[in-house]
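In listed order, ligands and their atoms are each counted from 1.
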Amino acid sequence: MELYDAMRTNPSCRYFTDEPVGDAIIHRILDHARFASSGGNRQGWRTIVVTDPDRKRQVADLHRKQWDVYIDHAREGVVGYNDRDGARMAAGDKAQQRLTRTDDFTAGLADVPALLVHCVELSTLAVTDKDLGRQSIVGGGSLYTFVQNVLLGCRNEGLGSALTTLLAAEEPEVAELLGIPEGIAVGALVAVGWPDPEKQYTKLSRKPVEEIAFRDTWGEPFTA
Ligand SMILES: Cc1cc2nc3c(=O)[nH]c(=O)nc-3n(C[C@H](O)[C@H](O)[C@H](O)COP(=O)(O)O)c2cc1C
């Protein structure tokens, strides 16, 4: 698949078919993703490919715990989001639709063919913004280049994928469940499967370049 096409048509996939994903495909994706950039080329990323049904169920349960926390906040802020069962959004309410899709995704997570738990070896990270008195942005930089490559690799294979970071908040439990040693952080979960053609959209809504890129100083739109 042409790279720019892949970049422009890679939505979060929340609905999958039951068809399994072969290990060879996931291996191929990881084999290409590993050429991502990392600070000092330390390559501290580590991925646990979870396909065992019991373990997937336990990972999904941990994810759901954090989704429940998130949804309580979201429900307060999203008008009309009133329940979690059935078709429950006013037509055209994009935020609500997204919540519904994500809620469905959470409910079906254990049945997604492969759950990729993306971790990083903390000692490999040079966190250059750690003394700025705000949350670090740089910290994850040397993991998420790899993760984005995984998402694009999935698209190239015709697979759907969805990235979530909720699992990171359950790190101690995830570590116990998957045998992750000390010094390794959980950075993301990527669910991978074949997209359900009935439910999967491909047209993405994103801001134009002029709104997100500036020339020379902040605020002057960067145009072609
Ligand atoms: C850091 C990060 C965290 C995310 N967390 C979740 C999540 O917990 N659950 C989920 O369904 N999608 C999650 N997403 C996916 C976004 O919600 C999604 O990319 C966004 O809504 C745009 O949707 P689209 O890519 O399908 O257009 C996350 C994406 C990022 C980059």
Closest protein heavy atom (residue, atom, distance) for [atom]:
| atom | value |
| --- | --- |
| atom 28 (C) of ligand 1 | Leu163 O, 3.2 Å |
| atom 26 (O) of ligand 1 | Tyr201 OH, 2.4 Å |
| atom 8 (O) of ligand 1 | Thr164 OG1, 3.0 Å |
| atom 25 (O) of ligand 1 | Arg206 NH2, 2.7 Å |
| atom 21 (O) of ligand 1 | Arg98 CD, 3.2 Å |
| atom 1 (C) of ligand 1 | Thr165 CG2, 3.7 Å |

What do you think, any protein heavy atom under 4.0 angstrom from atom 4 (C) of ligand 1?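 It does: a protein heavy atom is found less than 4.0 Å away from atom 4 (C) of ligand 1.
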Give me the ring orientation class for Phe105 and Phe16: parallel if the planes are under 30° apart, tilted from 30 to 60°, perpendicular past 60°.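 It falls in the tilted class, 30° to 60°.
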Pairing donors with acceptors under 3.5 angstrom, does anything connect the side chains of [X] and [Y]?
| X | Y | value |
| --- | --- | --- |
| Asp68 | Gln66 | no |
| Ser161 | Arg155 | no |
| Asp129 | Ser136 | yes |
| Trp194 | Asp18 | no |

Under 3.5 Å donor-acceptor, Thr47 side chain and His118 backbone: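 Not confirmed, Thr47 side chain does not pair with His118 backbone.
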Please say which of Ile29, Val117, Thr164, Val147 ends up in a side chain to side chain contact (heavy atoms under 4.5 Å, CB included) with Val190.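 When side chain to side chain contact (heavy atoms under 4.5 Å, CB included) is applied between Val190 and each of Ile29, Val117, Thr164, Val147, only Val147 qualifies.
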May I ask which of Thr102, Leu167, Leu109, Asp103 has a heavy atom nearer to atom 10 (C) of ligand 1 than the others do?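 Among Thr102, Leu167, Leu109, Asp103, the closest heavy atom to atom 10 (C) of ligand 1 comes from Thr102.
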Using heavy-atom distances, let me know which of Ser12, Ala168, Pro11 sits nearest atom 19 (O) of ligand 1.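 Answer by nearest heavy atom: Ser12.
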Closer than 4.0 Å to some heavy atom of Leu204 - which atoms of ligand 1 meet that?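 Those of ligand 1 that fall under 4.0 Å from Leu204 are 27 (O).
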I'd like to check which ligand 1 atoms, numbered from 1 as shown, lie under 4.0 Å from a non-hydrogen atom of Leu166.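 Near Leu166, the atoms of ligand 1 are 8 (O).
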Within-cut-off N or O pair, Arg14 and ligand 1, under 3.5 Å: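 So ligand 1 has an N or O lying under 3.5 Å from an N or O of Arg14.
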What distance separates Asn149 CG from Ser37 OG, expressed to the nearest 0.5 Å?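 Reported to 0.5 Å precision, the distance equals 9.5 Å.
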